[in-house]
Visitor: 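So that we are looking at the same thing, I have put the structure below in structure tokens.
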Amino acid sequence: MVHSKKSRTKRVAQILAVWLTGVVCLTTLVIGQVNPPVMPAATAGRAATASDTEPAVEGITTDTMGQAIQTITFKKDMTINDALRFLAMKYQKNIVPTSRVEGMVTVTNLYDVSFEEALQAVIGTNKYEIQGNFIRVYTPEEFEQVKADKRRMEYRFFNLYYLTAEEAKKMVTAILSQDGSVATSSPAKTGVPTGDSISSDASGGDNLATTDTIVVRDYPEKLIEVEDLLNTLDVRPQQVLIEATILSATLTEDFEMGFDLNFAAGASITKTTAAGWANGGQAGSPIDIGGFAGTGQTGLKIGVTAGDISMFITALETLTDVTILANPKILAINKQLGQVYIGTKLGYREGDVITDGGATQQGAVKFLDTGTKLSFRPYIGNDGYIRMDIHPKDSTGSLNAQGVPDEISAELLTNIVVRDGETIVIGGMFRDQIDNTRTQVPLLGDIPFIGEAFRKTDDIVKRQEVMVLLTPHIINEPHEVDGHLRAEDVKRKRWGTYERLNWITTARMAENSYARAAEFFSNGDSHSALEELNWALHLRPTYLEAIRLRERIVQYRGSAGDDVIERIMIDAIQKEDTKKWNRF
């Protein structure tokens, strides 16, 4: 009996030893799987730090969703649901598969993957979607059904700042689902009146005064695509600054030479009567030669006169040199028409019209535009080049004796490609016109030497040159136009104009007082500056620059007390009348 008890005790001890050995072995096996670089996932995996990656997964927004996985190994024949439970427990994610998600994990080892990549590898051909704090896993069929559920549809509105609503609608429609829809705000009025007075509907009435807007209704993932698309398209357009130089030069040389013979004091032989012959030829002359030199013109005249006979040699050379240089500049947005015109509109009437009743009706008044005009439309490329439709024109005009307008113009119309910032010649014309006219008495004019007295020579040489230069600049930011420099040029011209005024004029005296006030203030003499400013404002009460400077000085002197400032101003006012006459 005692022996039996000892045997049972020994057997229990052996069983416990076997179990203990098995537990130790399993523990050793687990520890060995955790510590090495490769971590088996018999029931678990090991997280480690690694660089995050962000795969694009159908139906969700790309997100790291937390930790990254360095390496993970799954057990052979592990089910998808078991692997998802492991990922959920290990990374504290709410992963909810549907009841139809089943199957085995088709991968064993994953290396250097993110959580999303590991999740996609586990579910295989199945799909997942993030809904708030939940990651829901579906079969492909279930996923399509979920996506087609119209109860998921939402709407969003998008404000547009550079893209019109109609253009945005065209772009967005291409990526919407079959059930999606888009609505647009009413289009804004475009263009401005040119050449017309203000009309009754020019104020716009109750037109939409906010930015263009579109409202899109679709599934959430499609709305995200729409937002990305509009963020790419609705951007500030580039601009092009065009500087054109139009040179038109005309040189005319007119040379005239001939003899002027005159007999009987140049009396006309037409309508001669017998009474005229009886009176000594007062009413006519048997010989009358007007000459060939055009004596009505100015020029050099050399000759002799004997009684009623005169002979002159006349020579005249006329040089006319006309040069017109136009330099228009204009800024326009990409693909938009830009135009600038500086010139004179010549008014004229069309021909009179006879009405059915026989009355005469004057023709309509029309205008001929003369001067400098530049029209262009730019198309900016992505390589620093600009394609342009451009039409520069420079013209002069006048009305002839019949009231019909005559125009002399230099213009061209072309489509070109220009590099940003480079100057090119887009048009040039050089034309020489030579006219040689000889008027003579038949036979006599052909006699050598002697024939010069019986002929006239008139040579006209006309040279015309037209050159059109173009320099485009792509403007990414408004300050690149250097508007402040142009404003400074305007100030320089303004001051130059005032400098040409007589010193005794009110405008000139006010400007001089303002300049002295600015100099006094810069030197720290605010008292004298206030006196000068007060005199300038006495002469020109609306002198804005002087008012601003006076306010600045008063603020600057404010620390001295209001009573001091008031005294300075009163003293200056009292001296105005006295100084008015002393300044002359």
Side-chain angles (χ1 to χ4, degrees), residues 30 33-34 39-156 175-180 216-228:
V30 172
Q33 291 175 343
V34 172
M39 298 170 289
T43 58
R46 175 66 62 182
T49 58
S51 59
D52 293 341
T53 59
E54 297 184 356
V57 181
E58 181 179 357
I60 69 167
T61 304
T62 301
D63 186 13
T64 57
M65 296 192 296
Q67 304 94 331
I69 301 171
Q70 184 178 17
T71 302
I72 185 171
T73 300
F74 294 100
K75 264 187 174 184
K76 186 179 180 181
D77 299 333
M78 176 176 275
T79 65
I80 293 176
N81 287 322
D82 289 340
L84 291 177
R85 280 193 291 269
F86 159 69
L87 293 177
M89 293 177 60
K90 185 61 183 177
Y91 298 102
Q92 302 296 308
K93 302 296 182 182
N94 299 316
I95 304 177
V96 183
T98 66
S99 60
R100 296 176 60 183
V101 175
E102 56 186 15
M104 310 301 292
V105 176
T106 59
V107 296
T108 303
N109 300 310
L110 297 174
Y111 303 96
D112 298 326
V113 295
S114 67
F115 172 79
E116 299 92 325
E117 290 173 326
L119 177 61
Q120 187 64 59
V122 168
I123 65 177
T125 59
N126 296 307
K127 307 294 183 180
Y128 74 91
E129 179 184 27
I130 298 178
Q131 295 180 358
N133 293 327
F134 292 89
I135 302 174
R136 301 189 181 275
V137 182
Y138 307 94
T139 64
E141 295 77 11
E142 289 176 324
F143 188 77
E144 292 300 326
Q145 292 176 0
V146 169
K147 292 301 179 184
D149 187 359
K150 293 185 178 181
R151 291 176 298 179
R152 298 176 53 251
M153 297 184 71
E154 303 174 358
Y155 77 89
R156 286 185 58 186
I175 63 174
L176 292 180
S177 67
Q178 294 182 352
D179 301 321
V216 182
R217 185 177 184 270
D218 211 326
Y219 299 106
E221 58 273 13
K222 287 297 182 180
L223 294 178
I224 294 174
E225 294 180 18
V226 170
E227 181 179 13
D228 293 339

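These numbers come from a predicted model, not from an experiment.
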Visitor: If you round to the nearest 0.5 Å, how far is OG1 of T108 from NZ of K75?
Guide: 13.0 Å
Visitor: Does D218 reach the main-chain N or O of S177 with its side chain, forming a donor-acceptor pair under 3.5 Å?
Guide: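 Pair found, side chain donor or acceptor close to backbone of S177.
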Visitor: Shortest non-hydrogen contact from D179 to M153?
Guide: O-CE, 3.2 Å
Visitor: With sequence neighbours excluded, what pairs up with Q131 under the side-chain contact (heavy atoms from CB on, under 4.5 Å) test?
Guide: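 Result, side-chain contact (heavy atoms from CB on, under 4.5 Å) vs Q131: E129, R136, Y138.
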Visitor: Should V101 and I123 count as side-chain neighbours, where that means a heavy-atom distance under 4.5 Å?
Guide: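 A side-chain contact is absent here, since even the closest heavy-atom pair is not under 4.5 Å.
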Visitor: Quick one: closest heavy-atom pair of I135 and K93, and the distance?
Guide: CD1-CB, 4.4 Å
Visitor: Hey, are the side chains of F86 and M78 touching, using non-hydrogen atoms and a 4.5 Å cut-off?
Guide: no
Visitor: To check you understand the geometry: which heavy-atom pair defines the closest contact between L87 and I95, and what is its length?
Guide: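 Nearest heavy atoms, L87 then I95: CB-CD1, 4.1 Å.
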Visitor: If I take atom CD from residue E225 and atom CD1 from residue I175, how far apart are they, to the nearest 0.5 angstrom?
Guide: 5.5 Å
Visitor: Under the rule for side-chain contact (heavy atoms from CB on, under 4.5 Å), what residues qualify as partners of M89, not counting sequence neighbours?
Guide: none
Visitor: So, do Y128 and L84 sit near enough that their side-chain heavy atoms are less than 4.5 Å apart?
Guide: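 SC-SC contact between Y128 and L84 ruled out.
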Visitor: Among all residues two or more places apart in sequence or in another chain, which pass the side-chain contact (heavy atoms from CB on, under 4.5 Å) test with E102?
Guide: none
Visitor: Work out which heavy atom in V107 is nearest to a heavy atom in A121; give both atom names and the distance.
Guide: CG2-O, 4.3 Å
Visitor: Return the CD to CD distance between E141 and E144, rounded to the nearest 0.5 Å.
Guide: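 So the CD of E141 and the CD of E144 are separated by 8.5 Å.
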Visitor: Before you tell me yes or no, could you show the steps for L110 and F74 under side-chain contact (heavy atoms from CB on, under 4.5 Å), namely the whole-Å CA-CA distance, both residues' side-chain angles and the distance that decides it to 0.1 Å?
Guide: CA-CA 9 Å; L110 297 174; F74 294 100; 3.8 Å; yes
Visitor: Could you tell me which non-hydrogen atom of N126 sits nearest to which non-hydrogen atom of I80, and how far apart they are?
Guide: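 Of all heavy-atom pairs spanning N126 and I80, the closest is ND2-CD1, 4.0 Å.
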Visitor: Roughly how far, to the nearest 0.5 Å, is NZ of K222 from CZ of R156?
Guide: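 That separation rounds to 15.0 Å.
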Visitor: Roughly how far, to the nearest 0.5 Å, is CD of E154 from CD of E221?
Guide: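 Result: 9.5 Å between the selected atoms.
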Visitor: How long is the span from the CG atom in L223 to the CG atom in D228, to the nearest 0.5 Å?
Guide: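 Answer for the CG-CG pair, L223 versus D228, is 11.0 Å.
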